[in-house]
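Below, chains carry the letters A, B, ... as their sequence lines are ordered, and counting in each starts from 1.
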Number of protein chains: 2
Amino acid sequence: MAQKVKLSTIAEALGLSTATVSLALRDSPLVADVTKERIKEAARELGYIYNRRAASLRTSRSGIVGVCVHDVMNPFYGEILKAIEHELDRNRQTFILCNHYDDLSKQRSFVDTLLQLGADGLILSPALGTPPADIRLAEENGLPAILIARTIDGAGALGFRGDDAYGMGLAVDHLVSLGHRSIAMIGGTRATSTGREREAGYLAGLARGGIAFRPEWRIEGPRSRHSGFDSAGPFLAIKDRPTAIVCFSDLVALGVMYGLARQGIRPGVDVAVVGYDDIDEAEIAMPPLTTVSNGQSEVGERAAGALLERLSGMEAREHTTLIRPHLRVRQSCGSPEAG
Amino acid sequence: MAQKVKLSTIAEALGLSTATVSLALRDSPLVADVTKERIKEAARELGYIYNRRAASLRTSRSGIVGVCVHDVMNPFYGEILKAIEHELDRNRQTFILCNHYDDLSKQRSFVDTLLQLGADGLILSPALGTPPADIRLAEENGLPAILIARTIDGAGALGFRGDDAYGMGLAVDHLVSLGHRSIAMIGGTRATSTGREREAGYLAGLARGGIAFRPEWRIEGPRSRHSGFDSAGPFLAIKDRPTAIVCFSDLVALGVMYGLARQGIRPGVDVAVVGYDDIDEAEIAMPPLTTVSNGQSEVGERAAGALLERLSGMEAREHTTLIRPHLRVRQSCGSPEAG
DNA sequence: CTGAAAGCGCTTACAG
DNA sequence: CTGAAAGCGCTTACAG
């Protein structure tokens, strides 16, 4: 490339000052329309590239928002992300993405990077074991944080997530209404708010149905398609095998279903399966998966909206907004409609 | 937050110059070890945050790499991304992600943003219809680009992708060796190099097997799980229905399989199905999917490596590296091993 | 081994 | 409506 074109290049070419050029390029009403046109024209011709680092150094606004989740490849987060991306795009914010894979040090180094770049804000689904102090550190250094999917008490931040306990209750109630009296729960961990809430919802649902919980019904851990698949074996080994399963997530449920099918057990016929999240794939699974719709896009949209509001100066104090989930009945619990 | 802590804050506190502090913090051998320790200690205590914008304005190196693909939620890209992420992380580069959804204007505005941020490089799976000039524009403005998955002739850039024609040939050969004489191909479009290559491989495979291609065997278009699912109908409507299907991707194949199953046609029994990409999910699908392993992580790793080399000053001229795919036989083409 | 000074490319009061 | 000048927080020759 030739000599770098900067504001002063344009200014000199036109016999104006850099101040005027700067103002004109940002459409300030302070500059006469004709002048503006000449300037923009020249900028285009010279191939001018706006230097955001310089501007941001001066204004201390970067137009960058960081988003950090467990793993983008998980469709649950993917769907939230799409909504965030859409909101941010409309507001001309650039977003930087990071997977923390529940590794606290990865999350920390990302927050650090954002701080160094002077990012305007952070949308975070916190890694396992994130201490509230980590969130406060960001806030104190001028990086407002919004929590999604998982929340952390005492962090003093806004959060948006589905009402997991209520949602899982819906799933259990549905199974009970279908006549099931022994219901297993596969997947999830108590180390996240999500895991705790969904388990609580499961237990509460059982209680409402007058069913005494049996510890062997609870297979903790799986949170991915693969680990769901692998838990088909342990499930089949439960003595007095339950007639129904609620899963921590759709991914786990899909894994469980194909794992069962591999062993000759037909999901939706031999055993009822309910998922959680209602990801896109649920409706075209085999069989179509009954699940709890968790409002991913609403979470993403509202989180982005809240951040944008904070950027425009709104104050906020700790508060978690619960999005209300609802049940989506398909064929994996038996086939009311034609399969 | 209190007063912002900067280099000069530390310098004053210690009675040193900012030059020394700057050097010390970056571990320059020019600074005495004791001084270094004092400085680092003070930085920690004062809660100093390095301002990368300022540094980058001065050095014109930003430590930022942009990555832009069709859609991160597609596991094919997801797996490439993981490899890139890993490489970049090790080299302390921050990466900014963008989905272009094959929208040229989205891709352009992303490249623009990178230019404005002074990004060090770009890894791109170009959107449909990307003109070579777009790539050259980036290069001319100091943004070296590496192409992945899809390539563009005349862009003058390095590229890494699987040998799609060869790989699809493998799939067809396999089917032919199993005795199939009528093989459909579902999915993909000629608008991408990937689509063209895979179709060419399909046609060549047919020719090698002495099979005359029939136009009704080719269902163009589907590139997602959902559209694959929806193409089960059209496939079943083909007169003299083919006994086997090769699919543009695993996602399409998975959709097709569940679509067929929904209509009572058993994939792997009533019709053979082969996918492409060998994504994680392929082995736990029902039935396990025979597919072509496409070397996603190698693509990602080598692309990132090549970019890193260019950043350290290596020159490069247009060249595409083809990663050799290989066939992964599972049960979706009939069940040699126990299903 | 350490310091004084210039400069990266913008924006923002302040004058005129 | 336009211009001159300072300053954002670093790094980098250059001296000493």
Side-chain angles (χ1 to χ4, degrees), chain A residues 1-40 42-43 46-64 113 115-120 141-142, chain B residues 1-40 42-43 46-64 113 115-120 141-142:
Chain A
M1 65 193 145
Q3 207 48 38
K4 187 87 120 305
V5 178
K6 44 193 172 176
L7 278 192
S8 63
T9 318
I10 303 177
E12 276 167 30
L14 260 34
L16 292 168
S17 73
T18 58
T20 305
V21 175
S22 168
L23 259 11
L25 256 19
R26 282 172 300 138
D27 254 329
S28 158
L30 293 177
V31 180
D33 282 348
V34 260
T35 320
K36 251 190 242 180
E37 270 323 307
R38 280 176 59 212
I39 292 176
K40 288 186 180 174
L46 293 169
Y48 171 66
I49 290 171
Y50 180 66
N51 186 328
R52 259 160 80 159
R53 292 169 287 182
S56 141
L57 183 56
R58 186 58 230 257
T59 60
S60 64
R61 260 279 212 155
S62 64
I64 291 178
T113 300
L115 253 13
Q116 296 181 359
L117 290 173
D120 295 337
N141 286 288
Chain B
M1 68 195 139
Q3 207 45 40
K4 187 86 119 312
V5 178
K6 42 192 175 175
L7 278 192
S8 63
T9 318
I10 303 176
E12 275 166 31
L14 260 32
L16 292 168
S17 73
T18 58
T20 305
V21 176
S22 168
L23 259 12
L25 256 20
R26 282 172 300 136
D27 254 329
S28 158
L30 293 177
V31 181
D33 282 348
V34 261
T35 320
K36 250 190 242 181
E37 270 323 305
R38 280 178 60 214
I39 292 176
K40 288 184 180 174
L46 293 168
Y48 171 67
I49 291 171
Y50 179 66
N51 187 328
R52 261 160 79 159
R53 294 168 287 182
S56 143
L57 182 56
R58 187 56 231 259
T59 60
S60 63
R61 260 276 213 157
S62 63
I64 291 177
T113 300
L115 254 14
Q116 297 181 358
L117 290 172
D120 296 337
N141 286 287

Integer-rounded Å distance: C:dT11 P and A:Ile39 CD1: 12 Å
Opposite nucleotide pairing with C:dA4, Watson-Crick or G-U, both atom distances under 3.5 Å: none
Interatomic spacing from CG in B:Asn141 to CG in B:Leu115 - rounded to 0.5 Å: 5.0 Å
Note, A:Lys40 side chain near A:Leu25 side chain (heavy atom, < 4.5 Å): yes
Whole angstrom value for the distance that separates P of D:dC10 from CD1 of B:Ile10: 8 Å
Between D:dT2 (P) and A:Leu14 (CG): distance, integer Å: 11 Å
Whichever of B:Thr18 and A:Ala19 has its nearest DNA chain C nucleotide further upstream toward 5': B:Thr18
Steps toward side chain to side chain contact (heavy atoms under 4.5 Å, CB included) verdict (B:Lys4, B:Ile49): CA-CA 9 Å; B:Lys4 187 86 119 312; B:Ile49 291 171; over 6 Å; no
Which nucleotide in C:dT2, D:dG9, D:dT12 has an atom nearest any side-chain atom of B:Thr59: D:dT12
Complementary nucleotide of D:dA13, counting Watson-Crick and G-U pairs under 3.5 Å: none
Atom-to-atom span, CG of B:Leu23 to C1' of D:dT11 - whole angstrom: 9 Å
Any A:Arg26 side-chain nitrogen or oxygen under 4.0 Å from OP1 or OP2 of C:dT12: yes
Sugar-phosphate, base or nothing in reach of B:Ala32, heavy atoms under 4.0 Å: sugar-phosphate
Sugar-phosphate only, base, or nothing, as touched by A:Ser60 at under 4.0 Å among non-hydrogen atoms: nothing
Whichever of B:Leu30 and A:Ala54 has its nearest DNA chain C nucleotide further upstream toward 5': B:Leu30
Sugar-phosphate, base or nothing in reach of A:Gly15, heavy atoms under 4.0 Å: sugar-phosphate
Note, B:Leu14 side chain near B:Thr35 side chain (heavy atom, < 4.5 Å): no
Spacing between A:Arg58 atom CZ and C:dG7 atom C1', to the nearest angstrom: 16 Å
